[in-house]
Amino acid sequence: MILFDRVSFRYKSNEETSFAIREVSFSCRQNLIHGFIGGNGSGKSTYARLIAGLLHPEAGKIEVCGLDTSAEDAQIHRKVGIIFQNPDNQIVGTTVEEDIAFGLENLAIPTNDMPEKIQQIAEEMGIENLLKKPVHHLSGGQKQLLCIASVLVMQPEWLIFDEPTSHLDPWSRRNFWKMLEILKQQRQVGIIVISQVSDDFENFDSIRLFADGDLVFTGSPEELKVANMADGLIHLPEKWQFEKLREAENA
Amino acid sequence: MLITFSPKESFLYSINPVIKGLITLFLIIAFSVIASGPVELGILLATVVIFSLLGRVDLLPIIFSLRKIFFLLFIVGLIQGFSQGEFDFLLALEAILRIVGVFFSAGIFVTISSQTELMYFWEQTFRPLALFGLPARELALVMVIAVRFLPVILSEIDRIRIAQMARGAKLSGGFGLSAVKSLLPLMIPTLSLAIVRAGDLALAMEARGYCVSRSRTRFRHYRVEFIDLLGLLLCLGIIFALMKF
């Protein structure tokens, strides 16, 4: 469970900007795919970084699996895995296996246990034949799989994806959502996907819409579909818009 | 074609990283100060090339990269050639062979050492600094990440170059200050992108549990074995034989 209790936050270096999180409270349950949506500068990524313990709230409290993110950094990094938008900016190792090992080294896992864990996660992600390959030889999709494997090997209870589908073609996007469903079911993890791709909305179990740092909507995709307030803040999927038009026509 | 680590199965690749570094260091010293005359330098360079080929090292990226220092080689050759009045071809060749030898030694070291090995090597090299309270492992990681991001930054430069040229920027031509000025449209976005990347990487590393003050384990352990010592002795033997020659 993730719990935001009257959380306030402001970037210290950007005091002149209007962006601020003011006393926001909400919770996210595990074993669901949560969508954090909103336009540019709405605060989606800031919320993700607060959850991952990479930023700390000015006031209020954030709890992840019962741990205070401000007080227990090291534990939070173990519980929450975050996969950023650009795989190139988060791969540390030169080869696939070295990058997967990086997280294990940080967790002080004994050296003898590492190869088995690396092999296991590589098989799960279908990259077992790439283990010795230099990372700069990987395709974009393979790099994304490596980033996920590198985070999953640390056995987090929550996974956060920062705009994972914005660079993917429709086919890769479909495969990505299939993979998330499998992860949710097999690993029993909570998943947060930050997205502004309207086609992603239907894949979420629950949606939170942010605008200028505020949480303006919480509900299911079905509820977002009928809530007209979302129209001005984010572009709804074409399919939903078409269905609305047909309903209006029929009415 | 970049000089980067490409894993292979051979005796050169399996040598202990510190020994690899030491051999490279001895070779650089040999090329720089010990060997004298084009014949000695030529023999040393040929020996390095033969051992590299036996060790399945792909020398093509190193040879290809020599093009990038061609201008430097040309200038050094000219200066050395004319150092004693009339142009002396042998002196010019000697100077060029010294630089090529150092370039090959360093290039081969990078080609046969993975990031973890490089990190281990730098860490051991920086170890004495820990006595003065400096973070040896962190300094090593900085060096390694710089090597890891080189191909990414270079491809980024290429992308920016094409984008700037499409917007009418002239990125070549001119000499001296005007040549440097013409590169400004390339340098500023590259630098700002590198800073953004560094910030993102630091965040990603922190999210994966990396902390300067926390103790970490190692994916690979490196022991000095008989073959490593043999390699080191062989290298020293060749250098001493050249000195006698």
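Chain naming here is simple, since letters A, B, ... match the order of the sequence lines and numbering starts at 1 in each.
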So, for T217(B) and I109(A), which heavy atoms are closest and what is the spacing to 0.1 Å?
OG1-O, 2.7 Å

Over 12 non-hydrogen atoms of neighbours within 6.0 angstrom of CZ in R78(A):
no

By a 4.5 Å heavy-atom criterion (distance strictly below it), what part of L104(A) contacts chain B: side chain, backbone, both, or neither?
backbone

Among V196(B), D200(B), L118(B), who wins on heavy-atom pairs under 4.5 Å with chain A?
D200(B)

For I118(A), is it the side chain, the backbone, both or neither that has a heavy atom under 4.5 Å from a heavy atom of chain B?
side chain

For chain B, which residues of residues 139-159 of chain A have heavy atoms nearer than 4.5 angstrom:
S150(A), M154(A)

Taking every heavy-atom pair that is under 4.5 Å apart, which of E98(A), H137(A), K132(A) has the most such pairs with chain B?
E98(A)

Do you know the tightest heavy-atom contact between S215(B) and A108(A)?
O-CB, 4.2 Å

Could you tell me which non-hydrogen atom of R197(B) sits nearest to which non-hydrogen atom of D88(A), and how far apart they are?
NH1-CB, 3.7 Å

Non-hydrogen atoms of chain A under 4.5 Å away: do they reach the side chain of T4(B), the backbone, both or neither?
side chain

A74(A), part contacting chain B, at a heavy-atom distance under 4.5 Å
both

Looking at K184(A), I'd like to know if its NZ atom is crowded, meaning that more than 12 non-hydrogen atoms belonging to other residues, nucleotides or ligands lie closer than 6.0 Å.
yes

Side chain, backbone, both or neither: which part of D99(A) has a heavy atom under 4.5 Å from chain B?
both

Measuring from atom NZ of K117(A) to atom CZ of F219(B), what distance do you get when rounded to the nearest 0.5 angstrom?
13.5 Å

Separation of F84(A) CZ from L203(B) CG (nearest 0.5 Å):
4.0 Å

Test side chain to side chain contact (heavy atoms under 4.5 Å, CB included) on R220(B) and E97(A) and set out the steps.
CA-CA 11 Å; R220(B) 292 191 204 284; E97(A) 63 177 356; 2.5 Å; yes

Part of T95(A) within contact of chain B (heavy atom distance under 4.5 Å):
side chain

Looking at A207(B) and I82(A), what are the two nearest heavy atoms and their distance?
CB-CG2, 3.3 Å

Do you know which two heavy atoms are closest between R208(B) and F102(A), and how far apart they sit?
NH2-CB, 3.5 Å

Calculate, to the nearest 0.5 Å, the distance between atoms OH and NE2 belonging to Y210(B) and H77(A) respectively.
13.5 Å

Other residues, nucleotides, ligands: >12 heavy atoms within 6.0 Å of F26(A) CZ:
yes

Looking at Q188(A), I'd like to know if its CD atom is crowded, meaning that more than 12 non-hydrogen atoms belonging to other residues, nucleotides or ligands lie closer than 6.0 Å.
yes

Any idea which heavy atoms bring L201(B) and I91(A) closest together, and the distance?
CD1-O, 4.1 Å

Contacting region of N112(A) [heavy-atom separation from chain B under 4.5 Å]:
neither

Assess whether side chain to side chain contact (heavy atoms under 4.5 Å, CB included) is satisfied between N106(A) and M205(B), documenting all intermediate values.
CA-CA 9 Å; N106(A) 294 335; M205(B) 284 168 70; over 6 Å; no

Turns out that what part of Q85(A) lies under 4.5 Å from chain B's heavy atoms comes down to neither

Greatest number of heavy atom pairs closer than 4.5 Å to chain B - which of M114(A), K133(A), E105(A):
E105(A)

